[in-house]
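These notes concern the structure reproduced below.
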Number of protein chains: 2
Amino acid sequence: MSKNLTQQLTHKLGEAIVKGDYPIGTRMPSEAVLCEQFEISRSATREAVKMLSAKGLISSRPKQGITVNPETNWNLYDSDVLEWILKSKPSLHLLKEFTQVRFAIEPMAAKLAAENATPAQINQMETALYRISEAQEGLEDQLDAHINFLNMILVASGNRFFIQLTQFVDAALRVSIRYTNQVKGISNTDVTFHVKVFNAIKNGDASTAQKLIYDVLSEALTLIESRL
Amino acid sequence: MSKNLTQQLTHKLGEAIVKGDYPIGTRMPSEAVLCEQFEISRSATREAVKMLSAKGLISSRPKQGITVNPETNWNLYDSDVLEWILKSKPSLHLLKEFTQVRFAIEPMAAKLAAENATPAQINQMETALYRISEAQEGLEDQLDAHINFLNMILVASGNRFFIQLTQFVDAALRVSIRYTNQVKGISNTDVTFHVKVFNAIKNGDASTAQKLIYDVLSEALTLIESRL
DNA sequence: ACATTACATTTATCATATAAATATGCATTC
DNA sequence: GAATGCATATTTATATGATAAATGTAATGT
């Protein structure tokens, strides 16, 4: 758990809101009541409320109190909010939504990576590739290695908005194995696939890099949709 | 300007950080100093600090003080952060990054919209279409009408992560006209284009909807890159 | 040289008081 | 009767002072 009281309350309330304990549009307990319930001071409570409103989950106004915002206001790309969503309502439908975003983003990121990756980034990708092959022999966690490789592609894209999505992709992949119980199908276990992607990016072959990622995600999406 | 002191300070500091007034990795003025500088109480100051740290811009720890986080920690999809970025360092390069994200997202959103749009959403899109044609005759702001139409596509996708990006696309389009000084080229002024997109979505023709948006954004991106 | 302790600084928390905002109901006016 | 203005009660917003906890740094001891 987070160390300080403010963050603890932020997480507790954030999770509760996402879970639906405080329905959208309704008023949450007032500042004073929250203090009582969680036995902390007003300062800590108010700061937690501010953090949640900064993430779009709630808004607070005098007299009206603290109200839960509609989901469209939530900062879904905030890693805390993502974490709460995953913790509270994981579902195959959610996985589909995640994968649709990946399907939109990652092929483009691979394309950009092929066009823009620096030599240093190529080296890091090669290291990531090595980690995947090691993982196959059980030396390292397979999922972590995969995520690391995919994150490197996002980073190498050079577009800060793609880079920002590393946490998103991380979350998406971690939820995916809850349902598929294997990395295969989501992101091919076979390291030869990753080698192909790596070579395409290294050689600046943008369209091949794009197509490789596109195809594997297309397959993943089809698999998920077949199970819905 | 925002009404309450906390939000005012949040915006002032957020903007200043993004602008680079407080370089990344450096310590910001301490709580006490911020109170003095802005002549507000510690409560308000601390709450602003909490909001900024909720958005990933800063982190604060005892003794170490308030430090500016690396840009990779910033929640770039937060509409406040976006606003500050646009306000502080608009550039053609930024526009390119924006458009790359749109290029990744919007064709897919159009495809999903064609597959999933509800009758009510189709109606709303038709209204949006009407607003564009009205705007052409000067009755309404052209840009707003365009943004409204594009947002409807995102909403109709049914994927909450795409829906969340309405603010992003809004920001992207508003910055785009600063450089192109026209909506044309970014999102075809000619309403016939939008009619085509609308019809494709209405008829459930996913691939056509996707291709239409893909093509217009491809063109926009080429235009931007030619000017870099 | 290393570990331990003491200290100083900064944020974190608590408590209390006052101000400002605003929804609600009431009265007043036309 | 409808609309407008006003009083009031409730809730958050702000201010302030005091204490606690965390943590980097320096002093100390072995």
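Just so we're on the same page: letters track the sequence lines, and every chain starts at 1. Only heavy atoms go into these numbers, but all of them, side chains included; no hydrogens, no water, no symmetry mates.
The separation between B/Arg27 atom CZ and C/dT11 atom C1' is 11 Å, rounded to whole Å. Here the C1' atom of nucleotide C/dT11 and the CD atom of B/Gln64 are 11 Å apart, to the nearest Å. Atom CG in A/Asn4 sits roughly 18 Å away from atom P in D/dA20 (whole-Å rounding). C/dT9 atom P lies 17 Å from atom CD1 of B/Ile66, rounded to whole Å. Summarising the geometry, the separation between CD on B/Gln7 and C1' on D/dT12 is reported as 12 Å, rounded to the nearest angstrom. Separating the CD atom of B/Glu31 from the P atom of D/dA15 is a distance of 13 Å, rounded to the nearest angstrom. Protein atom CZ of A/Arg46 is 12 Å distant from nucleotide atom C1' of C/dA19, rounded to whole Å. Between the CE atom of A/Met28 and the C1' atom of D/dT12 there is a distance of 14 Å, given to the nearest Å.
Classification of A/Glu115 and A/Lys111 as a salt-bridged pair holds, one side-chain N sitting under 4.0 Å from a carboxylate O. Here B/Asp144 pairs with B/Arg174 in a salt bridge; the nearest charged N to carboxylate O distance falls below 4.0 Å.
Comparing atom distances between the A/Lys63 side chain and each of D/dT23, D/dA9, D/dA13 picks out D/dA9 as nearest. Residue A/Ser60 has its side chain nearest to D/dA13 when only D/dA13, C/dA12, D/dT11 are considered.
Taking only distance into account, the side chain of B/Ser43 meets the base of D/dA15 through a donor-acceptor pair shorter than 3.5 Å.
Remark: A/Ser43 OG to B/Glu47 CD distance equals 8.5 Å, nearest 0.5 Å.
Side chain to side chain, A/Glu134 and A/Tyr130 meet the donor-acceptor criterion of an N or O pair below 3.5 Å.
B/Ser30 comes within contact range of the sugar-phosphate backbone alone, with a heavy-atom separation under 4.0 Å but no base atom that close.
Heavy-atom nearest nucleotides on DNA chain D were determined for B/Leu5 and for A/Gly65, and the one closer to the 5' end corresponds to A/Gly65. Nearer the 5' end of DNA chain C, as judged by each residue's closest nucleotide, is the contact made by A/Glu47, out of A/Arg61 and A/Glu47. Mapped onto DNA chain C by nearest heavy atom, A/Pro62 and A/Arg42 fall at different nucleotides, with A/Arg42 at the one closer to the 5' end.
Note: B/Tyr77 and B/Phe168 have tilted aromatic rings, judged against thresholds of 30 and 60 degrees for the angle between ring planes.
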